[in-house]
Amino acid sequence: MSSRPTSHTFKDNAAKAIQDGGVPRALKNVRQNFIDKRVKAVEALPEFEALRESAKEIKNHTLEHLDLYLERYEQKVKESGGHVHFAVDAAEARAIVLDICRKAGARTVTKGKSMITEEIGLNAHLEANGVVPVETDLGEYIIQLRGEAPSHIIAPAVHLTKDQIEADFRRVHTNLDPKRDLTEKTSLLTEARTMLREKFLVADVGITGANFLIAETGTSVIVTNEGNGDLTQLLPRVHVVVASIEKVVPTLEDTSQILRVLARSATGQEMSVYTTLSTGPRRATDVDGPEEYHVVLLDNGRSAMLGTEFQDMLRCIRCAACMNHCPVYHQIGGHAYGWIYPGPMGSVLTPSLIGVDKAGHLPNASTFCGRCESVCPMKIPLPKMMRHWREREFERNLNPAVARYGLGFWAFFAKKPWLYRLSTRLAAKSMKLLGRNKGSFQSLPGAGAWTQYRDFAVPEGETFQAKWKKRAAK
Amino acid sequence: MTSRDTIFASIRRSLAVKGDERIRASIAEDRLDRSPKGVIPARAQLDAAGKLRLFVEKAEGVQATVARVASAKDVPGEVARYLRDNNLPAALRMGDDPRLSAMPWKETSIDVEKGRSHGLDLSAISHAESAIAETGTLALVSGHENPTTLNFLPDNHIVVLHAADLVSDLETIWQRIRKKFGKGEMPRTVNFITGPSRSGDIEQTILLGAHGPRALHIVVVEG
């Protein structure tokens, strides 16, 4: 819920998460539940690769013409009776939403799952101003009870176990029988359903995000499985959509192309349970639906990413495939990243949105194994962009002195091949000599960070280059 | 300068355009006019029988139940059976879709109530606008005929689909909607529904009936 980043203490956050050990335990099912299901869904659709390419082209085209499609989108929303508000930054977006809530006389607002309202820190702002926000997605509801931020962009409570959730429900739902049986997961779900049903029916304003905004028709699209997003936008008198500017796509057909890769990449479903297109407020012949329909379009640094080496990141559709497949994310979990966007997409996006000075460590949280890019439905070159950030971090003198001196030291040798060969040869030889009776070093001066966790194998006495030369001569 | 101006100015500065370039504008206009289709999976490009077979397979694959009846007059009997078999009260909420209203509900003991739901109905019935064979997805549009609240508030949602309204893919639905509402125009809500509500938020175990209906029953009218 907090929008205050702790990305600058990423190294400590990550170390703590690993020591605690709870995250890898909670994430142990990600393989079968996200990774394997995605593979199955992809294999069942021969056109998947062609659709990825198509989806990527659509977003590239849209970003190149973003001003024009935004204008058309705005015009169509207005024609259908909706209101469009533009917000340059998070503070302005918060103020607009609060103002809409105040004009509606809102006491409680229900919320569909939305990363963008996490980004702008909306809940805290509403609460501070006397409006009670109620998260209705089951995962978001659980972390709201705990006062936590989501640790995953589509499975916000993925870091928690059933027992932790049961304890939270018992702590907060004090009006229920303390002796009730909550051993089954379904009883937890039923309890949340009952608690939230009351909230849906009394909320004055419903706030959702959007997976897509369609320029052709002025439509906002949400893609969900629980149905909470629909109850949020359907039942209250006022519906507010908060979305960032790059969510726009030109047409209904373009939306369909991207929908086909979205659910498959996210959860391995062919289609999420509910894909809902909303266009304007209640019509004259309607008997339900909101009387007011507002869209808050947020920039918050995105327009400045256009035309840079980070433009490709604006193709992201928030499916979370990159974090599901990231070995670093699996070890440290989402909270260690220190802001709301974790995993590879967060390592690229967070420095763009909050500054490389505050989030410069994140692009270093990668083994560059490349799985994130290989599963990204929008083919975003995530490792390449992390490298761009590393360069910028170095250019701006943001990395620690040891790393800078180390790199400088290495560069000195690397630029003089004869010296590099000579010194590596000497090093390999002397290390072989030093470790001749051991097989491996349990400690090495200057390499404590390595040997603290694993032994360092004793070199065979020859450098790689020397061996290669011999091999080639044969 | 308003925030709107600031944002548009920033986008145009980044893209190195002014926004009034005629060729650029015509490229965007052209896409909006032509709505190119892109890649359509071959999977659902089938004849009527093949589409129906695929739709049923896909819908059942996401835990919907499907019944097939010969004609519209057989729907109330099937719905009565469904309610009975699931130990549900013989009560049903519906909008005023003329196709539903014309069905012989009086021949059953079902107590039919008209209008939107306020959250007190256990079961509701809607008529689908269309459905997608590719993924077993129903398409419903808002309006007094089929109020959107019926799709989400009741525990059990029954949806009638005329086999003739079943199409291969999403793209065909857009053509139907444009024909019915006009190019660039939409009903307030289009709901695509693929199975009953579910959540995987507790230890990634999929559980049915999160906030929307716990059960989705589709009655396909073949005649």
Side-chain angles (χ1 to χ4, degrees), chain A residues 29 33 45 47 50-51 54 65-69 72 86-88 92 138-139 155 157 161-162 165 185-186 188-189 193 196 201 215-217 219 225-228 230-231 234 250-253 256-257 270-271 273-280 282-283 285-289 299 303-304 306-307, chain B residues 2-4 6-8 10-12 14-17 19 24-25 27-28 31-32 35-39 41-42 58 115-116 119 135 137 142-144 147-149 152 170-171 174 184-205 207 209-212:
Chain A
N29 296 327
N33 290 325
L45 186 71
E47 294 88 353
L51 281 159
S54 170
H65 302 83
L66 187 60
D67 52 330
L68 303 174
Y69 288 120
R72 174 64 71 97
F86 286 87
V88 171
E92 192 178 8
L138 179 59
T161 61
K162 190 212 140 259
I165 298 166
K185 290 175 189 169
T186 45
L188 291 170
L189 178 76
R193 179 182 168 111
L196 285 165
L201 294 167
E216 177 191 359
T217 51
T219 299
N225 280 316
E226 297 185 3
N228 66 302
D230 286 277
L231 291 171
L234 174 63
T251 66
L252 293 161
E253 279 74 4
S256 316
Q257 293 288 291
E270 297 203 322
M271 189 83 172
V273 176
Y274 302 114
T275 299
T276 300
L277 286 75
S278 301
T279 313
R282 184 187 285 214
R283 309 279 164 88
T285 56
D286 278 340
V287 291
D288 50 21
D299 182 343
S303 59
L306 289 168
Chain B
T2 64
S3 297
R4 184 188 184 280
T6 307
I7 292 171
F8 275 99
S10 175
I11 293 171
R12 287 176 175 138
S14 293
L15 292 176
V17 296
R24 196 168 161 268
I27 291 172
R31 189 173 193 99
L32 290 165
S35 344
K37 275 190 179 180
V39 180
K58 289 289 172 187
R116 62 163 284 177
T135 48
T137 301
S142 57
H144 61 96
T148 310
T149 38
F152 295 99
L170 277 162
E171 285 75 2
W174 305 138
E185 304 304 316
M186 292 287 277
R188 188 195 88 243
T189 304
V190 179
N191 288 121
F192 290 109
I193 300 178
T194 314
S197 157
R198 67 199 61 199
S199 173
D201 276 342
I202 303 173
E203 293 185 342
Q204 301 149 56
T205 307
L207 304 172
H211 290 291

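Here is the naming used below: chain letters follow the sequence lines, and residue numbers restart at 1 for every chain.
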Do you know which of [options] has the most heavy-atom pairs under 4.5 Å to chain B?
options	value
A:E270, A:R193, A:K162, A:R283	A:R193
A:T279, A:T161, A:T186, A:L231	A:T279
A:D288, A:L68, A:L45, A:T276	A:D288

Pick one of side chain, backbone, both or neither for [X], based on which atoms fall under 4.5 Å of a heavy atom in chain A.
X	value
B:T6	side chain
B:R4	both
B:A42	both
B:F8	side chain
B:T189	both

Could you pull out all residues at least two apart from B:R116 that satisfy side chain to side chain donor-acceptor pair (under 3.5 Å)?
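In terms of side chain to side chain donor-acceptor pair (under 3.5 Å), with neighbours along the sequence ignored, B:R116 is linked to no residue.
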Proximity breakdown for [X] and chain B, heavy-atom pairs closer than 4.5 Å:
X	result
A:Y274	both
A:R72	side chain
A:L138	both
A:L66	both
A:L201	side chain

Does any part of the side chain of A:L252, heavy atoms only, come nearer than 4.5 Å to the side chain of B:M186, both counted from C-beta?
yes
Which atom names give the shortest non-hydrogen contact between [X] and [Y], and what distance separates them?
X	Y	answer
A:L189	B:I202	N-CD1, 4.2 Å
A:S303	B:S14	O-OG, 2.7 Å
B:L170	A:S256	CD1-CB, 3.7 Å
A:A50	B:V39	O-CG2, 3.9 Å

Check each of A:T219, A:D286, A:T285 against B:R188 using the side-chain hydrogen bond (donor to acceptor under 3.5 Å, both in side chains) test, and report the only one that passes.
A:D286
Tell me, with the steps shown, if B:R198 and A:E226 meet salt bridge (charged side-chain N to carboxylate O under 4.0 Å, His left out).
CA-CA 5 Å; B:R198 67 199 61 199; A:E226 297 185 3; over 6 Å; no
Side chains of A:E92 and B:S3: is there a donor and an acceptor less than 3.5 Å apart?
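Yes - a donor-acceptor pair under 3.5 Å links their side chains.
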How about A:T251 and B:S35: does a side-chain donor come under 3.5 Å of a side-chain acceptor?
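There is no such pair between these side chains.
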Ignoring hydrogens and geometry, is there a side-chain-to-backbone donor-acceptor pair from A:Q257 to B:K37 under 3.5 Å?
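Side chain of A:Q257 to backbone of B:K37: a pair is present.
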Salt-bridge present (A:D67, B:R24; N to O < 4.0 Å)
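So A:D67 pairs with B:R24 through a salt bridge.
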